Undergrad: 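First, the structure itself, so that you have it in front of you.
None of the values given here were measured: they were computed from a predicted structure. One-based numbering along the sequence shown.
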Amino acid sequence: MIEWLTTTNHKKIGTMYIVATLAFFIVAGALAGMIRLQLSHPNNTIVGTHEYNQIFTMHGTAMIFLVIAPFAIGLANFLIPLQIGAPDMAFPRLNATGLWLFVVGGLTVFAGFATYGGAAAAGWSNYAPLSEITIGTGAGEDLYLIGLTLTGISNILTAVNFIVTIVCYRAPGMTFWRMPIFTWEMVATSILILMAFPALTAVMAMVLIDRHMGGHFFDPASGGNPILYQHLFWFFGHPEVYIMILPYFGVVAEIIATFSRKPVFGYVGMVLSAFAIAGLSLGVWAHHMFTTGAVSNPFFSGISFLIAIPTGVKFVNWIGTMWKGSIEFSTAMLLCIGFLLNFLLGGITGVMIASPPLDYMAHDSYFIVQHFHYTLGGGSLFALFAALFFYFPKIFGVKLDERLGKWFAALFFLGFNVTFIPMGFAGLEGMARRVSTYPDVAHLALLNGLSSIGTAIIAISVILFFINVVISCLKREPVGDNPWGGYSLEWLTSSPPPEFNFHELPPIRSKLPAWDLMEERGISRV
């Protein structure tokens, strides 16, 4: 135990990141279940309004700041040195500091539930002046601000470490244009973190100053401006969407190529599109502010539309990789196909609300809730589970059961769509987001009832996943170094890898070192 708590080894740090994010995921999932229980019937009074505000605030906060983005950081911690042939990260102690700042930050955010007045209740975006109200939620809001500041610093330290490691620690033969797509996506993600997270840290500090030091940054009565909060928050918030999706684009590319038995189609286009998305994402923050009347709607609308182009390039890459491939429908591959279908719907609804007239109609409705869940839930979360099935043998030395895995994938896909398709229609019928109850009008009762049933199916699928983890770990059937026939460098070391990753570094002559070696030895990819 002491060895794990004091380690600076990137694989153990990555593994602890992953375990911590799964623990936060269980809590966030339980909060989602409480939300859907409350909304399962009109005029429900299972929880009061203030308690409901805390629940949905902490659910969104946990999924965004403590699950989806940090899971990718944990996976990158484990994989990047393996994929580029490095023995460890460039700054191992900084890496460990980042992990513990993340864990302490997450626990600090949730500590608000133990305070008088409860946890933060201003929504995950924590808008001022709502977050500046000290009556009702006091210490819980302060803990929220401090906790997110710690996680933000953690991400900045880790991003610096990733970039230095990738630039300076690549093995002989591992040129930039031979790096796996996942590593490239983490370069783009790290740059985005360095650009976006300082704005979050600054705005959290400004709210604390307003709350406790007599500041008036966001108080219009004293010359402040709450619109300033929105500018600063969304300058972080929109790039954060891509911080949560770019790593998973890399995961999906790796899995689709492996199970199609073909190299990634359009490798250069895949890399350049990641940087195009990252660059454009820094110029669209105000598309969340169309309804304020304080921003240039045509400009931010135009930039938002442009992001669809590099994202479309990625879809062409994924489909082109599968085209005429010898596809194996493993659990990871099925989850990636689910990712493609769900994320496509999230992308289409995203293009719709990039249009100001449509955004005016959908703003603050359940249509928006559906949109971002299809992007980050149907997209990132499906890829997160695909990554768990794909990399579990490399991390833990055992494979998850494929039969249980396929049941999980089917139930997860079914539950996800039963939950979130009705939300779009509820939004079109006028249901506002962030409300603790609703009247029995139109089809709202039916649509919300369906969403709650879908959430129950998701819960069953997630329980099945963890049962799979327990059973597979108890069986501990050993796996080989490359159980899926992967192409990149990490599949040429043992599962799990030794302390410094490789006993002997294999030759790197192309983007496909593992397949090169298989070809030399006359081993088929199929």
Side-chain angles (χ1 to χ4, degrees), residues 68-69 72 75-76 79-80 83-84 159 162-163 166-167 175-196 238-258 260 262-285 287 300-323 325 336-337 339-351 354 372 374-376 378-380 382-384 386-387 487-488 511-512:
I68 294 177
L75 188 65
L79 282 182
I80 285 176
Q83 290 196 330
I84 64 173
F162 285 163
I163 291 174
I166 292 167
V167 171
T175 64
F176 280 119
W177 291 107
R178 289 177 179 173
M179 292 196 311
I181 293 294
F182 176 78
T183 296
W184 269 118
E185 299 282 354
M186 286 310 303
V187 175
T189 302
S190 300
I191 293 171
L192 268 186
I193 288 173
L194 294 179
M195 296 296 289
H238 201 82
E240 168 71 353
V241 173
Y242 297 96
I243 290 168
M244 288 188 285
I245 195 69
L246 285 176
Y248 296 104
F249 285 170
V251 166
V252 170
E254 305 280 350
I255 293 174
I256 286 179
T258 297
S260 299
K262 286 177 60 187
V264 173
F265 173 78
Y267 172 89
V268 174
M270 184 69 99
V271 172
L272 295 181
S273 62
F275 287 92
I277 291 170
L280 289 169
S281 75
L282 291 168
V284 297
W285 76 91
H287 94 187
F300 288 103
S301 174
I303 300 294
S304 301
F305 284 133
L306 283 179
I307 292 186
I309 297 173
T311 308
V313 168
K314 288 194 176 297
F315 267 88
V316 171
N317 292 142
W318 292 320
I319 294 170
T321 304
M322 287 189 284
W323 185 256
C336 285
I337 293 172
F339 163 93
L340 295 178
L341 297 172
N342 291 331
F343 187 75
L344 180 63
L345 188 53
I348 290 172
T349 50
V351 171
F372 65 70
Y374 265 96
T375 305
L376 299 177
S380 301
F382 271 69
L384 182 156
Y487 68 86
S488 45
K511 297 188 291 288
L512 314 167

Undergrad: Kindly determine whether I163 and L194 satisfy side-chain contact (heavy atoms from CB on, under 4.5 Å), including the steps that lead there.
TA: CA-CA 10 Å; I163 291 174; L194 294 179; 3.7 Å; yes

Undergrad: Can you name the side chain to side chain contact (heavy atoms under 4.5 Å, CB included) partners of M322, sequence neighbours left out?
TA: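 Expected list: I256, S260, I327, M333, L340.
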
Undergrad: Mind checking what makes ring-ring contact (aromatic ring centres under 6.0 Å, His included) contact with F182, not counting sequence neighbours?
TA: none

Undergrad: With sequence neighbours excluded, tell me which residues meet side chain to side chain donor-acceptor pair (under 3.5 Å) with T183.
TA: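 Partners of T183 under the side chain to side chain donor-acceptor pair (under 3.5 Å) test: Q83.
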
Undergrad: Passes side-chain contact (heavy atoms from CB on, under 4.5 Å), M270 versus F265? Steps please.
TA: CA-CA 8 Å; M270 184 69 99; F265 173 78; over 6 Å; no

Undergrad: For T375, enumerate each residue passing the side chain to side chain donor-acceptor pair (under 3.5 Å) test, keeping only those at least two apart in sequence or located in another chain.
TA: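 If we apply the side chain to side chain donor-acceptor pair (under 3.5 Å) test to T375, skipping adjacent residues, there are no hits.
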
Undergrad: Give me the atom names and distance for the closest heavy-atom approach of N317 to G269.
TA: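 Looking at all heavy atoms of both residues, the closest pair is OD1-C, 4.0 Å.
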
Undergrad: Which atom pair, heavy atoms only, marks the closest approach of A387 to I255?
TA: N-CD1, 4.2 Å

Undergrad: The criterion is ring-ring contact (aromatic ring centres under 6.0 Å, His included); which residues satisfy it with F305, sequence neighbours excluded?
TA: none

Undergrad: Kindly give the heavy-atom pair with the smallest separation between V351 and A308, and that separation in Å.
TA: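 Nearest heavy atoms, V351 then A308: CG2-CB, 4.1 Å.
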
Undergrad: Salt bridge (Lys or Arg N to Asp or Glu O under 4.0 Å): which pairs involve residues 270-280, sequence neighbours left out?
TA: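 Every pair satisfying salt bridge (Lys or Arg N to Asp or Glu O under 4.0 Å) with a residue in residues 270-280: there are none.
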
Undergrad: Who passes side chain to side chain donor-acceptor pair (under 3.5 Å) against Y248, sequence neighbours left out?
TA: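 Side chain to side chain donor-acceptor pair (under 3.5 Å) list for Y248, sorted by chain: empty.
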
Undergrad: Considering only heavy atoms from C-beta outward, does the side chain of I245 approach that of I68 to under 4.5 Å?
TA: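 Result no, sub-4.5 Å side-chain heavy-atom pair not found.
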
Undergrad: Quick check on the 6.0 Å ring-centre criterion: do F343 and W318 meet it?
TA: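 Distance test on ring centres: not under 6.0 Å, no.
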
Undergrad: Taking side chain as C-beta onward, heavy atoms only, is P247 less than 4.5 Å from L75?
TA: no

Undergrad: Is any side-chain heavy atom of T189 closer than 4.5 Å to one of F162?
TA: no

Undergrad: Do the rings of H238 and Y242 sit parallel, tilted or perpendicular, given the 30° and 60° boundaries?
TA: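 If you compare the ring of H238 with that of Y242, the planes turn out tilted.
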
Undergrad: Could you pull out the closest heavy-atom pair between A253 and V264, with the gap in Å?
TA: O-CG2, 4.0 Å

Undergrad: Could you list all the salt bridge (Lys or Arg N to Asp or Glu O under 4.0 Å) pairs where at least one residue sits in residues 300-310, not counting sequence neighbours?
TA: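 For residues 300-310, and leaving out neighbouring residues, there are no salt bridge (Lys or Arg N to Asp or Glu O under 4.0 Å) pairs at all.
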
Undergrad: Begin from the C-alpha positions of V268 and W177 and carry the test side-chain contact (heavy atoms from CB on, under 4.5 Å) through to its verdict.
TA: CA-CA 8 Å; V268 174; W177 291 107; 4.3 Å; yes

Undergrad: With sequence neighbours excluded, give me every side-chain hydrogen bond (donor to acceptor under 3.5 Å, both in side chains) pair touching residues 302-311.
TA: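 For residues 302-311: H287-S304.
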
Undergrad: Spell out, as yes or no, whether a donor-acceptor pair under 3.5 Å connects the side chain of K511 to the backbone of Y487.
TA: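 It does not hold such a pair.
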
Undergrad: Give me the one residue out of L344, N342, I348 that meets side-chain contact (heavy atoms from CB on, under 4.5 Å) with Y374.
TA: N342

Undergrad: Closest approach of A274 and A188, non-hydrogen atoms and distance?
TA: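 That closest heavy-atom pairing would be O-CB, 4.2 Å.
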
Undergrad: Quick check for you: to the nearest 0.5 Å, what is the distance between I166 atom CD1 and I80 atom CD1?
TA: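 The CD1 atom of I166 sits 4.0 Å away from the CD1 atom of I80.
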
Undergrad: Among all residues two or more places apart in sequence or in another chain, which pass the ring-ring contact (aromatic ring centres under 6.0 Å, His included) test with F300?
TA: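 F300: ring-ring contact (aromatic ring centres under 6.0 Å, His included) contacts with W285.
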
Undergrad: Between CE of M179 and OG of S488, what distance do you get to the nearest 0.5 Å?
TA: 12.5 Å

Undergrad: Roughly how far, to the nearest 0.5 Å, is CE of M186 from CG of L192?
TA: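 Taking CG in L192 and CE in M186, the distance rounds to 10.5 Å.
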
Undergrad: Under the criterion side-chain contact (heavy atoms from CB on, under 4.5 Å), I'd like the reasoning laid out for L384 against V251: C-alpha separation, chi angles, the key distance, then a yes or no.
TA: CA-CA 8 Å; L384 182 156; V251 166; over 6 Å; no

Undergrad: State, yes or no, whether a side-chain contact exists between F382 and V252 at a heavy-atom distance under 4.5 Å.
TA: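 They are not in contact (no side-chain heavy atoms under 4.5 Å apart), so the answer is no.
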
Undergrad: Looking at residues at least two apart in the chain, or sitting in another chain, which of them share a ring-ring contact (aromatic ring centres under 6.0 Å, His included) with F275?
TA: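 In terms of ring-ring contact (aromatic ring centres under 6.0 Å, His included), with neighbours along the sequence ignored, F275 is linked to W184.
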
Undergrad: Side chain to side chain donor-acceptor pair (under 3.5 Å) with K314: which residues, sequence neighbours excluded?
TA: E185, S273

Undergrad: Indicate the atoms forming the closest heavy-atom contact of A69 with I243, along with that distance.
TA: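 Here A69 and I243 meet closest at CB-CG2, 4.4 Å.
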
